[in-house]
Structure formats: structure tokens, C-alpha cells
Amino acid sequence: MSTPQLDKTYDPKAVEARWYDVWIRQGYFRASPAHPGQPYSIVIPPPNVTGSLHVGHALNHSLQDILIRWRRMQGRNVLWLPGTDHAGIATQNVVEKQLMAEGASRESLGRDGFIKRVWEWKATSGNTIISQQKQLGESCDWDRLRFTMDEGLSKAVLEVFVRLYEDGLIYRGERLINWCPRCLTALSDIEVEHEDMKGKLYHIRYPLADDPHTTLTVATTRPETMLGDTAVAVHPDDPRYRHLIGKKVRLPLTTREIPIVGDSILVDLTFGTGAVKITPAHDFNDFEAGERHKLSRISLFDQEAKMDPAGLHEAKVEGSVLQSLTMKPVQKARSIVVEALTERDALEKVEDHKMALGKCYRCKTVVEPYLSPQWFVKIKPLAAPAIEAVETGKIRIIPEGWTNNYLGWMRDIKDWCISRQIWWGHQIPAWYCRKCNANFIFEPNSTEVQGDKVTEKRTLVITKNAQPIIARYAPTKCSTCGEGNFLRDPDVLDTWFSSALWPFSTLGWPEQTPELKAYYPTSTLVTGLDILFFWVARMIMLGLKFMGDVPFRDVYIHALVRDAEGQKMSKSKGNVIDPLHVMEQFGTDALRFTLASMASPGRDIKLAEERIEGYRNFANKIWNAARFAHMHLTGIKESQPPDDRSFPGLWIRSRLNDTIKIVTMELEAYRFDRATNALYQFFWHEYCDWYLELIKPILQDPLHPEGPATRQTLQDTLEVFLRVLHPFMPFISEEIWQTLPHEGETIATQSYPVPQTHWHDPSAEETFRLFEQSISLIRTARVLLNYPPGQEVRVFVTHEEPATSATLVTLKQNLAHLGRGQISPVPLSQWPASNVLRLITDGITMGVSVEGDVDLKKALDRLEKQIAETDKESQRLDGKLNSADFVSKAPPEVITDHRDRLRALSRDRAMLTSSEQQLRTMLGI
RNA sequence: GGGCGGAUAGCUCAGUUGGGAGAGCGCUGCCCUUACAAGGCAGAGGUCACAGGUUCGAUCCCUGUUCCGCCUACCA
């Protein structure tokens, strides 16, 4: 093998494209259930098919790839399964926008045409994020790429739905749900984002029916809904109003009278006026209060949150008001109602009020509580085992702090609304016999619609009383009436319903596949906190229900990536860091390493480009170290490698050994930050700063007796380091590894280094500490004496301990090389009496000859400062040791340690003052 | 309203059996010393948010306060 010519700086771009191609072509990332190793599997949190890679993905995926590559190298049977999510609302929005630009619409295409169109869109645009993931170097098994709308996964969805229904865990019911008037669909509770807003609290007077001059004042933030009130509640213990319970009030702006009820749950005595209007069709609390008091519900709004004339009629709104309100949106309706109330002197006052407003997480439109028939999952029975799995530790949440968050939410979980009024998604497998449900189904009638300007009549209505048939296939015959005329429920399932099956649906369930057997439960789930409830909790519930086992053992929750100022990144703020741009600029390895290094638990990541640049420099450092190695390596792997017993060789292997140990341990603990720090520290500040410098004289002397052994160590340690590094920086490690003598085709499938006990060498490490301190003293002396770096100096060195002094003798050549001088490791008695600057650290006395006309003042300052510091520390230790309490109560080893340190300090102090005296003599002061 | 997390060098953050305060970046000074100026060497810089408590001893444990985040909640 010829010595490759490496460029002076590392160019990531060429390297990355080349190797990723090879990896894929050779199929290194392909999983096989037949692989002999212990399985290690991860399913990727499927990104939206509409998405492109953002820095949050980059973090999430980098961490997973580190785990996967690490385990693969450890010989585990690894599967990393990639895929995308069909993202019902988001995808439908994207395609509808496209249609709108063409002057078409979802309706004009019809349902089937539209679905076809979405698939077409997916075929052309749905792989954006996949190719970006490849750019990040992700070692997924791409042959197993899954999509939540795939045939197999759809089958799983169908199966789960039917079984849950058969088990009584799915039901259809008319409930108040969160409705997005823009997306025109129901949302689950957690798809609503709450935002604090400044609102107003309106106090409205309701006159008593039998005594119109007496009024009961209610407080509300939504005066427009008062038209739909069906009662007023007061607290049964409230002396102010207790006597009114059972009486009626006249609802202003309408001709209705509504009852006053006592309700201790709804009413808070201390808030507002103590009287609450009840609007069961427009408020979740009121809905429940309505249930308690058997109140009727009046829906005032249509699906676009506009005042519906039918509702206004039902509410018996006064004619003039009704006219002006018809088809008005919420905000407009509010001001009309407020104005009308003011005219009638029914508005007592308006005060400022802070309140939380719910918004659609997809489009940020204010959501409206909306009364409609929907499908729900009865969640409590599913939640109980999911709680237990975490409580008993079958599933570990990391960092542990989020466990309570999870448990709290699960214990208080509400039924899950799973129906969505959109087209793109898994259509609910529910059919209605048209004959049997004739009274409960109102289908749009095209002839009627043409003549009717009230457009919402076009909507299909399947009332709550309709009887569905739930089946895996479309029924052909009604079991009740025997006819075969069916209407399929138009709703589709919440996208998260299919995501919840991801860990087993992607492995082939409901078929019992070898993949399922080998890889379920998966090993680790890596995700952000934001989808802990959306996704993680639901996977646990459904995994337990359908697989009888948890979907994963560990849940590692990583931080949110923010910008350098700690602001959440968003397109509108323009503070988005684009990972693709970063990869282009600094290299993929640098980005990956940066993200891993910042993944400290429980803290958000503030990402600044300078950090990435810093790790780009690290990559370059590795590159140049490799260049250096190649200048001296033969490129041949010795069959009988010479044994390197030299101090640098023993030391660097010991350090490398320690690094392997730390990195492995930290990866096991999901401490990516500490693992990267260990790699950085080792390579830059031990391998490059010291080891490579130490061996230069040997390498540069072709006849040096230690040459072969040293070259062997240089080559071996670099190769091992690259393997330790590979999961973090896959590209540069592969590129360099390939230039070294090696076995196998790729570093990606080589064994991950394990600690070698015979490499561990405390004595070499001890010697190194002595060496490092000595060199540091010489260098400091050079600076104090203003010697240019090239100037040869005469150096004397000794140590209090004879044994250590003896070690210094053995280090003579190394000291001479890195200290750039002539070294005399002789006792103080043999030193010149003058013209030597003496510096002291930890028992080492280092003398550097003073030559020429130099200013010794700086040196004197340094000595005085060091003496002052020594005295301060001595006093502190002395104080403690003189305390009777300390001596009697502190552990003996601490006391011994303190005494040793004090002794060492006073020893150094004596040397320091001696040096200071000598210096003063030289200065003549 | 409730819960959780954070406050350590100019900046970003490490720091778990409580016993000498660390890293990276930035900054200052000197160096283009043939692996690397995307570099080398030497430095400066911190009453570890504030106030109490426990302890021989607290950045670390407990309590309270302030500030900043996040999650969560039906105060109409």
C-alpha cells in the first residue's frame, strides 16, 4: 500500500459523498433477524413526510446513529428502522395549497381523486427528508423504509381498530371536542396549544323571571355564547344566591327562560360574581355541568365557527339580533352581542382578564369547543398497564426526571378523540346500513343543494344514534335488514393512531414475522420531550395491549435545540440554523459531534455556529495527525509487531485504554456530551499535544533503535482511536482508517475497541504527570526570561524525592527535546550558585540558566505571587488541622491528606523563598 | 393555580458517596518551530444567584427568596 497524499486541510464534502455511497452499495446497514448477535433495535421517530431536515432532527438522528453504529461495532444484531409519517392534516394542507394554485380543490377532485393526488405528491416530494438523512450519514436499513400509509401498516391500523372496538375500547359518541374551524376537523386534547392572552371578563345581568327588577349577574369571557345558555349556576352554599336555586332567569336577547341550578363543582364562590352561565355546547366544564343537571345543548356555531341560523333559531334569539348575527364569525358576533347588551343596559361592567386560549397546533387558529359525533378511545384501561410498565422499571425514562411528568399525565389521561374530518389518512372501518339508519343519516342531496344557498347543508351528517358495523372488510349484507346498501364513515384516524403502532407495525405485525420476534421490544427510543404524550405514551399503551410487552426498554429524551440566544428556532423569527447549510460549511462530522457534545441531560441546547466551527477544527486536527503519522509509517502491518516498552508508548496506550473505558461507559449512560469530551480531550490534548511531540525525535531518526516499536504504537493507537471515534464522526474516521493497514472492508463493521487490562499503566501515567509539570516549568521560565522559542537553554532539574529524581534522569532525552535545552538532572548541590532562575512545583525544582541581558522582574513577580498563594493555602489547611472538631470528626484519610498537602506546601515554600532570595541577589535588591 | 428544571470564568456548559473550582469558545502576550495559523506555547479571569439551616467542613444536602425557562390546569 502506498503512502497516500493527504491534503493539508480536511475537505469533508468529497469524503462524505464517496463513503456514504459505498456503505449503501455494500449493504453494511442491512439488518437480518438471522444475525447471531444479541438484538439491538431502534425505530426512528418517523418525521413528517412533508418535512425537511431541521436541526432538531439532526440532533435526534445523530444520537440514534451514534448508538446504532456503536452497537453494530460491538457485534450486536442491529436494526435501525427508518420511515416517515403521513401527517394527515399537514400533508392534506400542502396538497390542497397546490390544488388551489391550479384553481382546483379537494372537492373538485373528489375523495378518490384527491387521495391519488396525495400519493403522487408523495412520490415526487415525499423523499426530501430521506435524502437529507442520508447526508447526515445515518446508518439506517433503508431497505426497510416504512410509511404509515403503507399497505402493511394500514393493515395493522385496521386490525387494531377492529380489536379495540370489539374489546369495547373504541366508541362513537357525541361529545364536545376541540375543533379547528380552519382545518375543519376535530383535534385531540394535546393537539391544542394553550397560549396566555389578555382577555376581558364581561359581567352580564340576567333578570329573574318572576321579578325582572332583580338581576343575577354572571361573569363570562365569551359573551357571544350567552345566547346558548341553558342554565345559570350558583354555589349551593352561597348565602347570596342560595335562595334563587330552582327559580328562573330571562336570558337577555332571547325569549327564553332558563333555570338557576346549584352546582358546587362548576362554581367557585370567590371568582367573578359567584354566578356562572352554563353553555353546554360551547364549554367543556359547562358540558359536564349540563350532564349533571340534564340540560339541553344549543349549538350556535357552524363548522367554520360562524353563527349558524339554525342554532340562533333554536336559541330563540330576538329577531333583530338574529338578523345581524347570522353567519358572523366569533369575534364579530362578540361585539354585536356586547353592543346589544349595552343597549339593553344588561352589561354591568367589563374588566381585563388574563386567560389561556387554545390554538390548533398545526395552523394556530383558535380552536372552538364543538359538539359533534366523534370516535374515541377509552383510554383508562390502556393507561393502567402503561403506568405500571414505567413504575416497575420495565421501561426506563432517561433522564429520570421526566418519569413523573409521564406518570402524572397518564394518571389524569382523558379519552382520546381519534376521528379527523379530513381525507388523507386511514379511513375508519365503519359502515352504516342506509336502510336501518335512514333516520340518523343525512346525506347531501345534490339537487337540493343547487337550489339552496345555505352551503353547509352539503355536509354529510351521521348522528350519534347511527349504528355502525365495524369490520376488516366492507360488509356485503346487513345482518339486521339483509340489504347491502352501506355508507362508509368518511372520517379518518388521527395520524398518531398509526404512529402509536410504529414499533410493531413496521416489523410486520399482525403477521408473526422473524423481524418481530428478533427486534421487538426495541431497545431504545430516542425522542424529544414534545412528543412524549403524543407518541411515546401511546406507543407504550398500544404496544402493551397488542404485543403483550413494552415497545422499548429505554426512552432517551433529549433537549430542544434553540438558537444562541436561547430562543426557540422558528422560520418566522428567522433564527433557524439549517443543518444542511452547516454540513456544507463545516462538514457533517463536525455537526454531529457538536450536537452530541451539547446533549447534556435536562438542559436545552443553545446552538451557535462557533461551536460547530470548533469541532470542524477538531476534525482537521485529526486529519493532520493522520498526515503526520503517514509521513513516518510504512503502511505495512507487521506480522510480529515489536513490543513498545517506551515511556510515551506505555503512557499513550494507558490513556487510550482509559478513553475507551470512559466513552463506552458514557454511551451506556446516554451521556453523549461526556463521551465526546473524552474523545476530544484524549486526541487533542494527549495524543497530539504530547504523544506525537514526544515521539518525533524517534521517528525523525531513521536509525533509532526504538523506531519500529514506536511506529507500530503510533499506527495501532491511531487505528484504535478511529474505531472509538467512528460512531460520532463516521466519515473522517472511515476515510483515515482506510489509509491505514487494516483488515475488513469498512470501519463501520469493525469491532468496537474494548479496554485492555495490560494497557492500563498507572506508573507511566505517574511519570507523565512529572514530565508534564517539568516541561511546563521550563516553558514558563522561557517566557519569564523572554527567550525566543528556538533558543537552546541550559536546564537543571531535581526533586525532593530521590526516587522521583531518578525518574527525571530517565526522562532526560524527552525533557531535552520538548524543553529545547540541555538537561542536567543533578542534585541542587551541583547547580551553579548564580545566574539560574529556579521555579518550583510539587517538589520539582527547575533551574533555567539566565543568559544575556534579561529583565528578572517578571520572574520575581511570579515567585512572589506563588509564595502568597502557597501561604494562603497553607493557612487554610493549618486552620483546619488546628481545629479540634476537624481532627476528631473528619475521616482519618482526609486528615492524612490535609497533612500531606500541608507538608508538601511548606517544602515548596522553602524552595520558593530560597529561589526568591537568589533572584533578589541577582537583581541586587 | 399546580408541577418540573435552571442560576458556576466574558459566552456556552461539565462538576453524585459534601473535604484542594474545571472544559470549550472568547480574551491578553509571544511564536508562520517542515502534521495542523482551522495551529503552538504561556497567561489573565469565578465571595459557584441571594438569605438562612444541617455539618468539623457546603458549589454539592435542607428551607425560604429573587430571576429565567418548560410542562400542565376548567377558575367562568
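Letters A, B, ... are given to chains in the order of the sequence lines, protein chains preceding strands, and every chain is numbered from 1.
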Can you give me the closest heavy-atom contact between A/Ile778 and A/Gly819, atom names plus distance? CG2-O, 3.7 Å

B/A23 C1' sits how many Å from A/Met598 CE, rounded? 13 Å

Would you please name every residue forming a side-chain hydrogen bond (donor to acceptor under 3.5 Å, both in side chains) with A/Asp658, sequence neighbours left out? A/Arg655

Distance, rounded to the nearest Å, where A/Arg674 contributes CZ and B/C13 contributes C1': 13 Å

Partner set under side-chain contact (heavy atoms from CB on, under 4.5 Å) for A/His235, not counting sequence neighbours: A/Asp237, A/Asp238, A/Ser264, A/Val267, A/Leu269

Check every strand shown and say whether A/Glu873 touches a base, only sugar-phosphate, or nothing at a heavy-atom separation below 4.0 Å. sugar-phosphate

Which comes earlier along RNA chain B counting from the 5' end, the contact point of A/Ile605 or that of A/Val894, where each point is its nearest nucleotide? A/Ile605

Would you say a side-chain N or O of A/Arg862 is under 4.0 Å from OP1 or OP2 of B/G43? yes

In whole Å, measure the gap between the P atoms of B/C70 and B/C31 for me. 49 Å

In whole angstroms, the gap separating C1' of B/A14 from CZ of A/Arg611 amounts to 11 Å

What is the per-nucleotide protein-contact pattern of nucleotides 69-76 of chain B, from the 5' end, where B denotes a base atom under 4.0 Å from a protein heavy atom, S denotes such proximity for sugar-phosphate atoms only, and - denotes neither? -SSS-BBB

With B for base contact, S for sugar-phosphate-only contact and - for none (protein heavy atoms under 4.0 Å), nucleotides 32-40 of chain B reads -B-BBSBSS

Could you tell me if the ring centre of A/Phe593 sits under 6.0 Å from that of A/Phe672? no

For A/Thr739 and A/His630, test the side chains for any donor-to-acceptor distance below 3.5 angstrom and give the result as yes or no. yes

Below 4.0 angstrom from OP1 or OP2 of B/C4, is there any side-chain N or O of A/Tyr406? no

Output side-chain donor-acceptor pairs under 3.5 Å for residues 397-407 of chain A, partner residues at least two apart or in another chain, one line each.
| residue | atom | partner | partner atom | Å |
| --- | --- | --- | --- | --- |
| A/Thr403 | OG1 | A/Glu400 | O | 2.7 |
| A/Tyr406 | OH | A/Ala386 | O | 2.9 |

Identify all pairs in which a protein N or O lies below 3.5 Å from an N or O of nucleotides 7-10 of chain B, and state each distance.
| residue | atom | partner | partner atom | Å |
| --- | --- | --- | --- | --- |
| B/A7 | OP1 | A/Arg603 | NH2 | 3.2 |

Should the pair A/Phe618 and A/Tyr615 be assigned to parallel (<30°), tilted (30 to 60°) or perpendicular (>60°) ring geometry? perpendicular

At under 4.0 Å between heavy atoms, what does A/Tyr680 touch on the DNA or RNA strands: base, sugar-phosphate, or nothing? sugar-phosphate

In whole angstrom, what separates A/Glu893's CD from B/U17's C1'? 12 Å

Dot-bracket encoding of pairs in RNA chain B, which uses [ ] for pseudoknotted crossings and | for another strand, Watson-Crick or G-U under 3.5 angstrom: (((((((..((((.....[..)))).(((((.......))))).....(((((..]....))))))))))))....

What distance, rounded to whole Å, do you find between the two C1' atoms, one in B/U16 and one in B/A51? 26 Å

Sticking with atom C1', work out how far B/C74 lies from B/G15, rounded to a whole angstrom. 44 Å

Could you check how far NZ of A/Lys606 sits from P of B/G6, rounded to whole Å? 14 Å

Rounded to the nearest 0.5 Å, what separates atom CG in A/Leu722 from atom CG in A/Leu740? 6.5 Å

According to side-chain contact (heavy atoms from CB on, under 4.5 Å), who are the partners of A/Val854, at least two apart in sequence or on a separate chain? A/Leu785, A/Tyr787, A/Val850, A/Leu856

For B/G52 versus B/U12, give the span between their P atoms, rounded off to a whole number of Å. 28 Å

Measuring only the P atom in each nucleotide, how far is B/C4 from B/C41? A whole number of Å is fine. 47 Å

Say you pick atom P in B/G5 and the same atom in B/G45; how far apart are they, in whole Å? 35 Å

For nucleotides 56-63 of chain B, 5' to 3', base contacts (B), sugar-phosphate-only contacts (S) and non-contacts (-) with protein non-hydrogen atoms under 4.0 Å give B-------

A/Glu195: partners by salt bridge (charged side-chain N to carboxylate O under 4.0 Å, His left out), with sequence neighbours left out: A/Lys359

For A/Thr9 and A/Asn620, does a side-chain donor sit closer than 3.5 Å to a side-chain acceptor? no

Rounded to whole angstrom units, what separation is found between the CZ atom of A/Phe593 and the P atom of B/U12? 21 Å

Roughly how many Å is it from CG in A/Leu777 to C1' in B/C41, rounded to a whole number? 14 Å

B/G43 phosphate, OP1 or OP2, under 4.0 Å from A/Thr780 side-chain N/O: yes

Going by side-chain contact (heavy atoms from CB on, under 4.5 Å), name the residues that satisfy it together with A/Arg820, two or more places apart in sequence or in a different chain. A/Arg782

Checking A/Glu864 now: which residues fulfil side-chain hydrogen bond (donor to acceptor under 3.5 Å, both in side chains) with it, not counting sequence neighbours? A/Arg920

Atom NE2 of A/His898 and atom P of B/G19: how far apart are they, to the nearest Å? 10 Å

For A/Phe721 and A/Tyr687, take the angle between the two ring planes, folded into 0 to 90°, and tell me which bin it lands in: parallel under 30, tilted 30 to 60, perpendicular over 60. parallel

Is the distance from OP1 or OP2 of B/G20 to the nearest side-chain N or O of A/Arg901 less than 4.0 Å? yes

Side chains of A/Gln773 and A/Thr841: is there a donor and an acceptor less than 3.5 Å apart? no

Which atoms form the tightest heavy-atom contact between A/Ile622 and A/Phe683, and what is the distance? CA-CE2, 3.5 Å

Gap in Å between the two C1' atoms, one belonging to B/C36 and one to B/C61, rounded: 47 Å

Does a donor on one side chain sit under 3.5 Å from an acceptor on the other, for A/Asn178 and A/Glu191? no

What's A/Arg876 touching, base or sugar-phosphate or nothing? Going by heavy atoms closer than 4.0 Å. sugar-phosphate

Which whole number of Å gives the distance between the P atom of B/U33 and that of B/C27? 22 Å

Going by heavy atoms in the side chains, are A/Thr527 and A/Leu532 under 4.5 Å from each other? no

